[in-house]
Peer 1: 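Provided herewith is a single structure, encoded as structure tokens, for subsequent inquiry.
Reminder, nothing fancy here: chain letters follow the sequence lines and each chain counts from 1.
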Protein chains: 2
Amino acid sequence: MKSPPTSSRAPRVADKQKLENQLCFALYSTLLGVNKVYRGLLREFDLTYPQYLVMLVLWERDQINVSEICEQLYLETTTLTPLLKRLETRGLISRRRSAEDERQVIVGLTEEGRALRQQLKHVPDCLGAAMGGSLDDVVELRDKLTKVRSKLFQAA
Amino acid sequence: MKSPPTSSRAPRVADKQKLENQLCFALYSTLLGVNKVYRGLLREFDLTYPQYLVMLVLWERDQINVSEICEQLYLETTTLTPLLKRLETRGLISRRRSAEDERQVIVGLTEEGRALRQQLKHVPDCLGAAMGGSLDDVVELRDKLTKVRSKLFQAA
DNA sequence: GATATTTATATCGCGCGCGATATAATGTCA
DNA sequence: TGACATTATATCGCGCGCGATATAAATATC
């Protein structure tokens with residue numbers, strides 16, 4: 001088959017509809033791989049990747065409300081509320097209504113949740129090793145994705 | 001706050017555990033944005049993004065078996081079988097057991113499924129527009145992700 | 001002070017995505 | 001030829017992720 005487009009020559013519709021030519025599919029399938037690696041690492045702590053992301057947010061800043069976590073993780077509250085409930089059931093976080101504004105729910109770390117940070121500090125390095133590439137490459141890729149993300153959320 | 005690491009200086013554990021420093025989170029959140037844009041485009045055709053991916057595979061090659069689709073999409077059969085059933089219910093694909101090897105299920109396009117290709121030919125350009133960036137940038141990003149994907153699936 | 005509007009979170013239902021498990025078909029070997 | 005191993009798909013249960021909808025609280029308006 002013809003090689004994928006690598007020049008400025010405008011690709012044809014048929015080429016655009018080829019799976020491997022699509023950046024979106026590369027994103028989608030790479031994330032499947034990311035999740036597979038995380039599952040291997042987090043399973044023993046009875047955590048999923050989205051739950052781990054919530055913990056990352058809280059390890060950086062304790063006692064924040066649900067909508068702030070939603071903003072940072074680009075998630076809807078309909079996704080986050082059940083997720084937080086599971087973490088609360090696990091004893092890793094606590095939730096309470098804000099005294100100042102009872103519409104808001106404040107999410108905080110428990111002692112167990114705080115202690116987990118140290119136990120999971122090896123995880124980023126494991127992912128880095130699994131992904132390969134130099135630090136500079138990774139940073140550049142991350143920054144380019146971040147730009148694409150901004151554009152996508154503007155367009156949506 | 002300190003800027004994210006951009007040099008070869010080894011980042012500290014705390015920096016590695018920062019959400020925005022992680023390539024994985026950039027991937028995860030960018031894919032949320034991708035899905036949001038696709039939902040806007042595919043809703044009127046009553047399709048989801050994973051279903052659209054299956055159609056892309058079949059538009060490229062009709063009459064293939066389930067495990068081949070799984071390979072191309074990096075999915076487990078436990079994910080694909082229900083997904084194919086929904087597409088079959090929609091009348092877009094057909095499924096039948098192979099005469100040569102009855103363990104295998106052959107998936108093919110119906111007339112309606114084939115006709116959908118033309119109706120959706122604008123979708124890749126819409127995503128391209130939503131993502132921004134030159135064709136060269138997109139191709140480079142895609143190729144780098146593809147390399148990372150290979151490493152991840154090897155490591156998993 | 002009453003009503004309307006806005007904001008924040010909760011619940012529901014559905015479509016994934018996958019580990020665990022089950023069933024059936026094919027291949028291998030003694 | 002029969003027993004066993006391997007392969008392919010199906011089902012189950014659970015954790016997301018989100019659109020639709022509901023409820024309650026805060027703010028704005030008259």
Peer 1: Between C1' on D:dG17 and OH on B:Y49, what's the gap in Å once rounded to a whole number?
Peer 2: 16 Å
Peer 1: Starting from P on C:dG15, measure out to CG on B:L87 and report it in whole angstrom.
Peer 2: 11 Å
Peer 1: Classify the angle between the aromatic ring planes of B:H122 and B:F45 as parallel (below 30°), tilted (30 to 60°) or perpendicular (above 60°).
Peer 2: tilted
Peer 1: Are B:V123 and B:M131 connected in a single hydrophobic cluster, I mean Ile/Leu/Val/Met/Phe/Trp/Tyr linked by side-chain heavy atoms less than 4.5 Å apart?
Peer 2: yes
Peer 1: Between B:R114 and B:E111, does at least one N-O distance fall below 4.0 Å, as a salt bridge requires?
Peer 2: yes
Peer 1: Rounded to whole Å, how long is the line connecting atom CZ of B:R90 with atom C1' of C:dG15?
Peer 2: 13 Å
Peer 1: Look at the side chain of A:T78 and decide which nucleotide, out of D:dT9, C:dC16, D:dC18, has an atom nearest to it.
Peer 2: D:dC18
Peer 1: Short question: side chain of B:Q51, backbone of B:T48 - any donor-acceptor pair under 3.5 Å?
Peer 2: yes
Peer 1: Determine to 10° how strongly the helix from C:dG1-D:dC30 to C:dA30-D:dT1 is bent, judged from the axes of its five-pair ends.
Peer 2: 10°
Peer 1: Please list, in numerical order, the residues of residues 29-48 of chain B that have a heavy atom closer than 4.0 Å to any atom of DNA chain C.
Peer 2: B:T48
Peer 1: Using only atom types and a distance under 3.5 Å, with no angle test, would you say the side chain of A:Q22 pairs donor to acceptor with the backbone of A:K16?
Peer 2: yes
Peer 1: Scan B:S67 against the nucleic acid and name what it touches under 4.0 Å (heavy atoms): base, sugar-phosphate only, or nothing.
Peer 2: sugar-phosphate
Peer 1: With sequence neighbours left out, what residues match B:E102 under salt bridge (charged side-chain N to carboxylate O under 4.0 Å, His left out)?
Peer 2: none
Peer 1: Take atom CD of A:E76 and atom P of D:dG19, then tell me their distance rounded to the nearest Å.
Peer 2: 5 Å
Peer 1: Whole Å only: how far is the CZ atom of B:R86 from the C1' atom of D:dT11?
Peer 2: 13 Å
Peer 1: May I ask you to say whether A:E68 pairs ionically with A:R61, meaning some side-chain N is under 4.0 Å from a carboxylate O?
Peer 2: yes
Peer 1: Please confirm whether the shortest side-chain N or O distance from B:Q51 to OP1 or OP2 of C:dG15 is below 4.0 Å.
Peer 2: no
Peer 1: Between B:R95 and A:L75, name the one whose nearest nucleotide on DNA chain D is closer to the 5' end.
Peer 2: B:R95
Peer 1: Would you mind reading off the distance between A:I69 atom CD1 and D:dG17 atom C1', rounded to a whole angstrom?
Peer 2: 16 Å
Peer 1: How long is the line joining CD of B:E102 and P of C:dA25, in whole Å?
Peer 2: 6 Å
Peer 1: So if I take every side-chain heavy atom of A:D101 and compare against C:dA10, D:dA25, C:dA25, which nucleotide ends up nearest?
Peer 2: D:dA25
Peer 1: Distance check: side-chain N/O of B:T81 vs OP1/OP2 of D:dA10, anything under 4.0 Å?
Peer 2: yes
Peer 1: Kindly say whether, by distance alone, the side chain of B:R103 makes a donor-acceptor pair under 3.5 Å with the base of D:dT7?
Peer 2: yes
Peer 1: For B:Q104 and B:R96, which I'm curious about, is there any donor-acceptor pair between the side chains at under 3.5 Å?
Peer 2: no
Peer 1: Do the side-chain N or O atoms of A:R97 get closer than 4.0 angstrom to the phosphate oxygens (OP1, OP2) of C:dA8?
Peer 2: no
Peer 1: Just how far, in rounded Å, is P of C:dT26 from CD of B:Q104?
Peer 2: 10 Å
Peer 1: Could you check which of D:dC16, C:dA10, C:dG19 has an atom nearest any side-chain atom of A:V105?
Peer 2: C:dA10
Peer 1: Establish, with yes or no, whether the OP1 or OP2 oxygen of D:dG17 is under 4.0 angstrom from a side-chain nitrogen or oxygen of B:Y28.
Peer 2: yes
Peer 1: Below 30° counts as parallel, above 60° as perpendicular, anything between as tilted: where do the rings of A:W59 and A:Y52 land?
Peer 2: perpendicular
Peer 1: Do we see a donor-acceptor contact under 3.5 Å between the side chains of A:S98 and A:D101?
Peer 2: no
Peer 1: By nearest nucleotide on DNA chain D, pick out whichever of A:E100 and A:Y74 is the more 5' one.
Peer 2: A:Y74
Peer 1: Within the structure, does a side-chain N or O atom of B:K85 lie under 4.0 Å from either OP1 or OP2 of D:dA10?
Peer 2: no
